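Read the structure below first, then the notes.
Please read all numbers here as calculations on a predicted model, not as lab measurements.
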Amino acid sequence: SPNSQPFSLSLYISCLQLKRQFYLAQLMSEDVETQQKGMIVIYISNGKKRAKFDTSYAWKAAVCSRSTPVRVEAFHFSMDSGKSGYRPLFDLIKVAMNPFSRVRIKTHFGSYPECVYSLQTYGIPAQDFPLSYNATTSEVSIHNAEYTDFLQKRRERERRARASWM
């Protein structure tokens, strides 16, 4: 039809990422400590495999975080030092935000180990990241098995809960 929009893979992926973000926030809202203290969002874009930083997704994620059932205390963005061109972009975004939100955005530029060290200065434990770093190739890889196992257990828990309602 003439009014239909063409399929956009990047928009589709962005929507899936936002759904995942909202779902995980809902899961975290079940934790009493998270309800009391809020959560911290960390966006890691270090390493060759995850080098592309999607600014439109970051903006949508920030807007989406205002509708999650958990208060977001801070956003930390970690990027390779070669991406320091994003620094002015973040400064511009911060100027456009209200002062309450502005202080909650932190940027970290450098190699993955440098950014992790910087995150640790904010009390964020790096050993809890589902990531590993290869110093030889400077690549950051995700531990998909742990994440998949977590989702598998969660699905089973939700199936049992649904069955008990019926």
Donor-acceptor contact below 3.5 Å, side chain Glu73 vs main chain Ile40: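 No, the answer is negative, given that no donor and acceptor are paired below the 3.5 Å cut-off.
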
Expected output: side-chain Arg71 to main-chain Gln36 donor-acceptor under 3.5 Å: yes

Check ion pair Arg159-Glu156 (N to O, under 4.0 angstrom): yes

Spatial distance of atom CE (Met28) from atom OH (Tyr23) [nearest 0.5 Å]: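 Reported value, rounded in 0.5 Å steps: 11.5 Å.
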
CE-OH distance between Met79 and Tyr112, expressed to the nearest 0.5 angstrom: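 Between atom CE of Met79 and atom OH of Tyr112 there are 15.0 Å.
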
Name of the residue among Glu114, Lys106, His108 meeting side-chain contact (heavy atoms from CB on, under 4.5 Å) with Leu119: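 Among the candidates, only His108 passes.
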
Cluster check Phe22, Leu24: I/L/V/M/F/W/Y, side chain < 4.5 angstrom: no

Single-linkage hydrophobic cluster, 4.5 Å side-chain cutoff, Ile124 and Val103 together: no

Sub-4.5 Å side-chain heavy-atom contact between Ile42 and Tyr122: no

Neighbour count above 12 (heavy atom, 6.0 Å) for Glu158 CD: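 Counting neighbours around CD of Glu158, more than 12 heavy atoms of other residues, nucleotides or ligands fall under 6.0 Å, so yes.
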
Heavy-atom pair with the smallest gap, counting every atom of Pro69 and Ala25: CG-O, 4.1 Å

